[in-house]
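For reference, the structure is listed below as structure tokens.
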Amino acid sequence: MSSRNTAGSLRNAPRYRRATRLLLVAALAPLALSLHAASALAQHETAQGPRIAESPASLEVTTVITCPCGGCVNQTLHDCTCGFAAAERQRINEALEAGKTPDAIIASYVAQHGAQIRIVPEKTGLNLIGWAVPFIAAATGVVALTFLLLAWRRRTADMQTVPPLPADADRHYRDRLDRDLKELDRW
Amino acid sequence: MADLGYACLLMALLCAVWSVVSSWLGHQMRHSELVRSGENAALAVATLLGVSSLSLILSFLADDFSLLYVAQNSNTTQPAIYKVAALWGGQAGSLLLWVFILSVYAAIVVLQNRGKHRELMPGVTGTLMAVSCFFLFMLQFVSNPFEPLPRAALEGAGLNPLLQNPFMASHPPSLYLGYVGVAVPFAFAMAALMAGRLDNEWITTTRRWSLFAWFFLGIGILQGGYWAYVELGWGGYWAWDPVENASLMPWLTMTAFIHSVMIQEKKGMLKVWNVLLVIMTFCLSIFGTFITRSGVISSVHSFTKSSLGPWFAVFWVTIVCVSVMLLIVRLPRLRAENTIESLLSRESAFLFNNIIFIAIAFTVFWGTVYPILSEAIQGVKVSVGPPWFNQWIVPLGLSLIFVTGVGPLIAWRRASGQNLMRNFSLPIGLALLLGLVLFALGVRHLRALLSFVLCTFVLATIAQELWRGMRARMKTAGEGFIQGLTSLVLRNKRRYGGYLVHVGMVMIFVGITGSSAFQQEVTTHLKRGESFSIGPYELLFADTASSHDEHKDVLSATLEVSRGGQPLTTLHPEKHYYRAVDQPTTEVAIHGLFSWPPNFGDDLYAILVDPDPQGGGYTFKAYLNPLISWIWFGGFVVILGTHVAVLPEWARVPAIRKGAVVEVPGVVS
């Protein structure tokens with residue numbers, strides 16, 4: 001009762017009201033931050049001016065093939081800014097203009113540099129295992145943990161449901177043991 | 001100078017060997033003088049390696065090109081800061097730095113525990129010095145930084161141009177402080193297993209060490225990301241490169257450990273799991289050093305390649321076998337004191353948090369080693385790049401954010417419906433509301449939307465916790481806003497420091513989401529006076545300038561940036577042509593958080609791709625990276641939170657007055 005009164009009087013205090021306002025602002029900070037995020041993300045204006053736009057067909061190749069210069073590991077031809085990558089992009093455009101399909105161009109890169117020229121392994125053959133292992137491992141982990149937790153919970157519940165032994169259980173047991181031993185002596 | 005350094009290395013190896021032997025004998029024979037002798041030997045190792053490292057630095061500063069390592073990594077015109085940084089610019093120096101840091105840690109541990117943990121100390125000293133022995137052996141017989149040249153070179157080759165960046169002066173030492181720091185909890189865990197003292201002693205003793213290692217690994221990773229962002233010139237900060245992965249894996253398992261030790265401390269559970277996590281973390285730390293230094297996997301960080309691989313592999317397998325064997329032997333004594341009562345409890349949430357961290361670490365590990373496995377099994381080399389990692393890491397990361405929001409607020413033992421309603425209804429409502437707002441504002445990227453909703457959920461849970469704690473302090477202690485907040489945080493530094501770290505991590509997630517899901521890019525070919533636009537920015541190509549110094553020729557472009565017709569800033573993307581290296585390097589120009597005037601919303605990132613002398617024009621690439629500054633801001637908040645969590649005990653506040661009713665926020669004990 002007294003604490004309620006204290007709280008009630010505090011609610012009227014200017015300090016409490018000021019703090020409430022400040023904390024309201026703090027609680028709404030996520031809203032403000034998200035709005036800031038949204039405004040930053042909403043800037044999808046179309047770019048103007050001269051540009052070198054990669055065609056969709058070119059992107060099919062350049063986002064799959066890594067830069068073969070040797071220095072730009074894990075960068076696709078699309079991302080890489082080295083001179084070698086620029087020349088390769090030009091080559092790809094020329095091959096596309098000459099009528100080659102993106103798949104054929106990718107195949108020619110793989111034939112020339114090996115499968116490692118692709119940014120990720122193809123989802124075929126043994127590589128399927130490579131793709132699936134993380135999922136299998138994570139799923140196994142979650143399922144195993146769930147079973148473990150359920151088993152623990154059951155064990156805890158069992159421990160809680162075992163009725164406590166009556167205080168005189170020990171005496172009953174000793175009396176019965178004495179009786180049994182006496183009967184045994186008779187034989 | 002070099003002779004002194006080499007002699008110190010040799011003596012350090014002998015001292016380390018003696019330290020291992022005397023610690024072991026002292027423990028077996030219960031002979032305290034032998035144990036003390038081992039500890040003194042560990043102090044001597046630190047001193048000797050200090051002298052050795054200093055002599056190598058002085059050799060760099062004196063341009064002593066009679067040493068192969070100095071000639072390979074420095075030259076006369078290299079700035080002094082990079083001459084010092086060249087210590088870790090190559091393989092041998094990195095190993096020296098590694099073992100020097102380890103020896104300093106060992107010395108600190110010895111000095112901290114002169115009068116305590118006497119049962120554990122022989123094992124701790126022995127383990128730390130055994131690890132030192134391996135590295136000192138490598139420095140003596142495989143990769144010697146003091147190896148002389150048959151004839152002194154007149155000039156050195158110089159440090160790799162990509163490494164001549166301020167962040168490269170601090171990023172490797174940060175990472176090494178973390179990598180090596182992991183050795184201390186590992187050594188205590190091994191000592192606890194050896195001595196059979198499997199209570200919480202080793203956990204509480206190493207709590208600060210664990211946080212220390214975790215902190216420096218994290219800061220090192222962030223610095224590395226920033227270095228990649230400003231130096232490699234591809235508009236991103238994380239490429240799932242094997243060396244980046246190598247630093248992330250121990251950080252992930254260490255994060256899992258930092259969370260799960262709370263369960264052991266409070267409930268006496270997860271004892272085996274915690275030992276296993278520490279073993280995993282240390283093994284991954286050694287694996288990281290191995291990956292970085294062996295060149296076994298192609299990486300943009302493969303600045304050095306060598307024959308270290310087999311040695312590290314043997315060392316790694318030895319550590320795994322010995323530590324797991326010790327664990328198995330002690331399994332019967334590591335039984336949990338309690339069990340979990342409900343799936344809906346804080347214990348369960350922490351366990352799921354651990355599973356997610358380990359799943360992410362395993363996924364990163366698998367993606368990193370898969371090229372090696374593929375080559376060994378199929379005979380085919382493959383690359384595992386960002387699309388592979390993103391496919392798995394994004395959903396796991398989103399689950400992790402969710403658990404980050406749930407874990408700190410859900411009740412211990414068993415959460416009731418009332419507890420769930422009380423703690424989560426407001427945050428869930430706010431998160432959904434903000435999801436709707438973002439959707440209404442035009443955000444349609446599903447994963448990004450989910451990420452923002454989950455991030456809001458976590459921030460709202462933390463804000464709610466602070467509010468409840470503050471209200472309790474204001475009601476009961478009659479404190480004002482600032483005083484209430486300060487005393488709330490200082491009375492439970494670990495909890496509120498942890499919350500701050502969570503806020504920082506959420507900010508990092510927001511930055512990653514924004515910059516990866518909504519990045520825009522433009523590639524353009526311009527002549528002077530032409531312009532292009534990206535997002536709200538217009539960039540006018542004004543001019544170029546050429547300059548040169550002793551090492552390189554520099555081509556610099558001037559891009560005048562305006563927004564809505566108003567001049568904003570001028571960017572100078574550059575191309576550096578180092579004479580000693582075939583390939584030019586890209587120096588990007590960024591209008592972002594660290595530019596003036598600072599830009600908080602997004603980064604405008606400009607690259608001079610290629611001059612085209614025939615056409616007379618220049619190729620530029622520009623990226624617009626929304627929210628990327630949140631990553632760096634988040635890093636600062638993580639730093640702040642970690643400091644709060646480890647504040648010493650003197651930072652206390654008076655207790656709430658006697659008899660006052662205290663509402664403990666979100667916790668049902």
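Reminder, nothing fancy here: chain letters follow the sequence lines and each chain counts from 1.
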| message | Do B:W388 and A:I119 have side chains that approach each other closer than 4.5 Å (heavy atoms only, starting at C-beta)? | response | no
| request: Starting at CD1 of A:I129, measure out to CG of B:L373 and round the result to the nearest 0.5 Å. | output: 11.0 Å
| message | Can you tell me which of B:A622, B:P387, B:A359 forms the most heavy-atom pairs within a distance under 4.5 Å of chain A? | response | B:P387
| message | At a 4.5 Å cut-off on heavy atoms, which part of B:I358 comes close to chain A: side chain, backbone, both, or neither? | response | neither
| task | Enter the distance from B:S374:OG to A:L126:CG here, rounded to the nearest 0.5 Å. | result | 8.0 Å
| query | Which one of B:P386, B:A448, B:G367 has the most heavy-atom pairs closer than 4.5 Å to chain A? | reply | B:P386
| Which heavy atom of A:H78 sits nearest a heavy atom of B:K621, and at what distance? | O-NZ, 2.8 Å
| field | Atom group of A:F135 that falls short of 4.5 Å from chain B, counting heavy atoms | value | both
| Among the listed options B:G385, B:A431, B:S345, the residue most often paired with chain A at heavy-atom distances under 4.5 Å | B:G385
| said: Quick check: closest heavy atoms across B:Y623 and A:D79, and the distance to 0.1 Å? | reply: OH-O, 4.0 Å
| query | Tell me, do A:I117 and B:S383 make a side-chain contact under 4.5 Å, heavy atoms counted? | reply | no
| message | Please classify the contact of B:L351 with chain A as side chain, backbone, both or neither, using a heavy-atom distance under 4.5 Å. | response | both
| field | Those residues that, when tested against A:A115, pass side-chain contact (heavy atoms from CB on, under 4.5 Å) (two or more places apart) | value | B:V380, B:V382
| Where is the tightest heavy-atom contact between B:Y370 and A:P121, given as atom of each residue plus distance? | CE2-CG, 4.2 Å
| request: Mind ranking A:L148, A:T66, A:N127 by heavy-atom pairs under 4.5 Å with chain B and telling me who comes out on top? | output: A:N127
| Given a strict heavy-atom distance threshold of 4.5 Å, which part of B:Q391 is in contact with chain A: side chain, backbone, both, or neither? | side chain
| query | Hey, what do you get for OG1 (A:T146) to CZ (B:F352), rounding to the nearest 0.5 Å? | reply | 4.0 Å
| remark: Taking every heavy atom of A:P134 against every heavy atom of B:F362, the minimum-distance pair comes out as CA-CE2, 4.5 Å
| For chain B, which residues of residues 90-105 of chain A have heavy atoms nearer than 4.5 angstrom | none
